[in-house]
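Every value quoted in this text rests on a predicted model; they were computed, and no experiment measured them.
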Amino acid sequence: YEFGAFRNVSATLEVWASNFTLSTVNATAELSYYDLRTEKIYYTAAHRITIPPNQSVEIYQGIVQPPPASDRQGVMRRVELERTHTVVVHARLVGPDGKTLARFTNWPEPYKFIDFPDPEMRLGLQSDGSSIRIEVKKPAKSAFFSVPGEKTGTEIKWSDNAVDLFPGDVQTITVEGLKGRNVAVSRLGAERPAVVPFDHV
């Protein structure tokens, strides 16, 4: 988008999947749209795809569908006035066994114009004490996990960090060296780390 004298009124989207293995991959491609203004998912789609070895396939190409007219306060129902600059797009590739093969969340830019919502994050500590289940009710950009009081920055090892989170897409990360301590989370729009209590599962 361009937020200057001239502003784009809609976004175009291209989603591709690449297979860098020597075997064919069969999966389900999921696409979801979340409107930051109304704070809800208003569009979802899913279809099966086959990705040949060492190839890429197009999942979707076109204009991002805007929120329903009834959700756009005072906006005229004309194509040139369709606004999608508050839309977060989430794409996920799911294997036949239900496991997530890949995911990507696309946020409108520039970020400085976004009023990032409170994701209402929940963390579930698994019985092994080293796996953390993460779920949110609203999207979060670059959620960064840390342990309060960690001095060296290398004491704790995370399997993943600075992740984008999306409602309905539960993620699990593993951590080495947690030893029963609390976990703090910072994210774009809330850069000061804050402890999120665990739900023990």
Side-chain angles (χ1 to χ4, degrees), residues 15 17-21 25 27-41 44 46 86-201:
V15 182
S18 298
N19 178 10
F20 299 108
T21 72
V25 172
T28 298
E30 300 177 349
L31 194 64
S32 302
Y33 295 170
Y34 182 98
D35 183 19
L36 292 171
R37 181 164 51 186
T38 59
E39 296 188 338
K40 64 182 180 181
I41 296 174
T44 59
T86 59
V87 177
V88 179
V89 179
H90 184 67
R92 188 166 68 131
L93 205 61
V94 182
D97 58 358
K99 294 183 179 180
T100 300
L101 303 177
R103 59 167 58 88
F104 183 77
T105 306
N106 187 73
W107 289 73
E109 297 184 32
Y111 298 143
K112 66 181 180 179
F113 289 110
I114 300 177
D115 184 12
F116 290 94
D118 177 359
E120 299 181 38
M121 185 183 303
R122 296 184 62 180
L123 301 182
L125 185 63
Q126 307 289 332
S127 58
D128 60 10
S130 61
S131 298
I132 300 175
R133 185 177 186 271
I134 312 162
E135 59 181 313
V136 294
K137 292 184 178 180
K138 304 172 187 177
K141 177 66 177 174
S142 299
F144 186 82
F145 301 89
S146 60
V147 173
E150 182 186 8
K151 298 180 180 179
T152 64
T154 59
E155 177 186 354
I156 308 296
K157 295 183 179 180
W158 305 87
S159 62
D160 201 358
N161 216 332
V163 296
D164 285 0
L165 303 168
F166 195 82
D169 183 10
V170 179
Q171 299 190 41
T172 300
I173 61 175
T174 58
V175 53
E176 297 181 15
L178 185 59
K179 299 178 181 178
R181 289 177 287 183
N182 291 326
V183 169
V185 183
S186 58
R187 55 183 171 81
L188 202 57
E191 288 74 19
R192 185 183 297 275
V195 171
V196 178
F198 282 123
D199 293 330
H200 291 274
V201 297

Requested in this report: State, with a plain yes or no, whether a side-chain heavy atom of Val175 is found less than 4.5 Å away from one of Phe145.
Outcome: no
Report summary line: When rounded to the nearest 0.5 Å, the distance separating CZ of Phe144 from CH2 of Trp158 is 8.5 Å
Query raised in the report: Looking at Gly124 and Phe198, what are the two nearest heavy atoms and their distance?
Result: C-CD2, 4.4 Å
Query raised in the report: Are the side chains of Pro108 and Val88 in touch, meaning some heavy atoms are under 4.5 Å apart?
Result: yes
Report task. Supply the atom-to-atom distance Lys137 NZ to Arg122 CZ, rounded to the nearest 0.5 angstrom. Result -> 7.5 Å
Query - Leu165 side, atom CG; Glu135 side, atom CD - distance, nearest 0.5 Å - result: 10.5 Å
Query raised in the report: Which heavy atom of Ala140 sits nearest a heavy atom of Arg187, and at what distance?
Result: CB-CD, 4.3 Å
Query - side-chain contact (heavy atoms from CB on, under 4.5 Å) between Leu31 and Val89, intermediate numbers included - result: CA-CA 7 Å; Leu31 194 64; Val89 179; 3.7 Å; yes
Report task. Name the orientation class of the two ring planes belonging to Phe166 and His90 (parallel below 30°, tilted from 30 to 60°, perpendicular beyond 60°). Result -> parallel
**Report entry** pair Asp115-Leu36: side-chain heavy atoms closer than 4.5 Å
**Finding:** no
Query raised in the report: What pair of heavy atoms forms the shortest contact from Ala143 to Asn161, and how long is it?
Result: O-OD1, 3.7 Å
Query raised in the report: Just how far is it from atom CD of Glu191 to atom OG of Ser142, taken to the nearest 0.5 Å?
Result: 9.5 Å
Query raised in the report: Do Thr105 and Pro139 come within less than 4.5 Å of each other through their side chains, counting heavy atoms only?
Result: no
Report summary line: Closest non-hydrogen contact found for Thr44 with Ser32 is CG2-OG, 3.7 Å
Query raised in the report: Any sub-3.5 Å donor-acceptor pair from Asp164's side-chain atoms to Lys141's backbone N or O?
Result: no
Query raised in the report: Is Asp128 atom CG crowded by more than 12 heavy atoms from other residues, nucleotides or ligands, each under 6.0 Å away?
Result: yes
Query raised in the report: Is the shortest heavy-atom distance from the side chain of Glu150 to the side chain of Arg181 under 4.5 Å?
Result: no
**Report entry** Side-chain heavy atoms of Ile156 within contact of Ser146, under 4.5 Å
**Finding:** no
Query raised in the report: Do Pro167 and Ile41 touch side chain to side chain, with heavy atoms closer than 4.5 Å?
Result: yes
Report task. Mind listing the closest non-hydrogen atom pair of Ala46 and Glu30 along with its distance? Result -> CB-CG, 4.2 Å
Report summary line: Rounding to 0.5 Å, atoms CD1 (Ile132) and OG1 (Thr172) come to a distance of 9.5 Å
Query - Tyr34 side, atom OH; Lys138 side, atom NZ - distance, nearest 0.5 Å - result: 5.5 Å
Query raised in the report: Is the shortest heavy-atom distance from the side chain of Leu123 to the side chain of Ile134 under 4.5 Å?
Result: yes
**Report entry** Least distance between heavy atoms, Leu178 atom then Gly129 atom
**Finding:** CD2-O, 3.9 Å
